[in-house]
There are 2 protein chains.
Amino acid sequence: MIEFKPIGVIRSPFTEPKGMPIQPAGATGIQGTVEVFKEYREALNDLDGFSHIILLYHFHRSPGFASHIVPFMDSQPRGLFATRAPGRPNPIGLSVVPLKRIEDGVLFVENIDVLDGTPLLDIKPYVPEFDTPAKIRTGWLEQVKNKVTQQEADDRFK
Amino acid sequence: MIEFKPIGVIRSPFTEPKGMPIQPAGATGIQGTVEVFKEYREALNDLDGFSHIILLYHFHRSPGFASHIVPFMDSQPRGLFATRAPGRPNPIGLSVVPLKRIEDGVLFVENIDVLDGTPLLDIKPYVPEFDTPAKIRTGWLEQVKNKVTQQEADDRFK
């Protein structure tokens with residue numbers, strides 16, 4: 001077994017899984033904070049130069065592992081590792097969010113799609129040379145994304 | 001405490017931390033595999049549609065937490081959370097890699113900058129809508145990257 005410990009807490013307006021944004025587009029502009037515990041605050045030095053950070057956190061309300069789940073954006077079961085659903089063998093969540101400022105160990109972030117009270121595991125700087133690949137395919141999501149775009153376009157011209 | 005368990009093992013040509021690539025550019029074309037343990041293999045369904053995956057793994061050779069470290073690419077100490085160094089409070093590593101194919105629970109990947117034998121914690125599909133922000137700043141790395149670009153340009157015209 002590998003033991004990890006919370007290094008802080010994520011605060012957001014979302015107190016229940018139900019009704020949360022199912023994709024980052026749905027969380028645009030949503031403000032949240034990341035409260036880093038005292039003993040780790042010195043390690044935040046130099047982070048304010050980065051416009052975006054990667055948050056790793058514990059999906060503490062995960063329902064437990066299931067090899068297949070029906071994603072919110074789809075109607076058929078998909079292999080869990082082909083989704084971002086919380087029911088993972090190790091329930092680690094990942095969100096890339098804009099970092100607005102840091103004050104006394106509190107990170108002010110946007111587009112936060114994380115449940116209030118979520119235990120923080122790690123913070124990494126977002127570096128395009130490491131984290132932004134080219135020529136990307138996104139499997140089952142391709143079809144769904146097209147549908148979403150179509151629906152938005154319909155609404156726009158109502 | 002939060003308990004996680006290895007769900008597989010990452011295989012690479014790098015058997016010692018010394019001499020490993022210090023940035024993804026240095027690992028371009030390096031082939032590796034991710035061996036997923038039997039009990040989790042069904043959950044790999046649908047993943048082969050994605051060109052890139054996010055690997056989360058245990059930095060099992062981490063030297064332990066230090067609030068500041070001197071990154072390989074810099075000459076002065078930086079706050080740990082502003083770096084990707086392994087000495088994190090929770091030593092979780094993250095790599096975005098191209099997925100070439102999956103055979104019998106083994107993922108064939110490229111550009112792998114991970115130590116051979118590294119315990120795997122999670123696999124996520126890379127989704128640009130979730131994972132590729134725009135208008136990015138990268139703090140202390142900006143200066144270093146400029147240096148690197150300059151050096152490459154000098155070499156090109158030798």
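Keep in mind the model is a prediction, meaning the values are calculated, not measured. We name chains A, B, ... by the order of the sequence lines, and we start the count at 1 in each one.
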Please look at B/Ala134 and chain A and tell me whether the side chain, the backbone, both or neither of the residue comes under 4.5 angstrom of a heavy atom of that chain. backbone

Would you say the side-chain atoms of A/Ser51 pair up with the backbone N or O of B/Arg137, donor to acceptor, closer than 3.5 Å? yes

Is it the side chain or the backbone of B/Leu94 that comes within 4.5 Å of chain A heavy atoms, both, or neither? both

Between B/Ser95 and chain A, which part of the residue has a heavy atom less than 4.5 Å away: side chain, backbone, both or neither? neither

Counting only heavy atoms closer than 4.5 Å, note whether A/Leu56 contacts chain B via side chain, backbone, both or neither. side chain

Answer whether the closest heavy-atom distance between the side chains of A/Ile7 and B/Phe81 falls below 4.5 Å. yes

Under 3.5 Å, side chain of B/Arg84 to main-chain N/O of A/Pro125, donor-acceptor pair present? yes

A/Asp46 side chain to B/Gly79 backbone, donor-acceptor under 3.5 Å: yes

Structural part of B/Phe65 lying under 4.5 Å from a heavy atom of chain A: side chain

Region of B/Arg88 that comes under 4.5 Å of a non-hydrogen atom in chain A: side chain

Checking heavy atoms, do the side chain of B/Pro98, its backbone, both or neither come under 4.5 Å from chain A? neither

With the side chain counted from C-beta on, respond yes when A/Phe50 and B/Leu141 share a heavy-atom pair under 4.5 Å apart, and no when they do not. yes

Interface residue of largest heavy-atom contact number with chain A, from B/Pro89, B/Pro133, B/Gly49, under 4.5 Å: B/Pro133

State whether the side chain of A/Asn90 and the backbone N or O of B/Phe4 hold a donor-acceptor pair below 3.5 Å, judged by distance alone. no

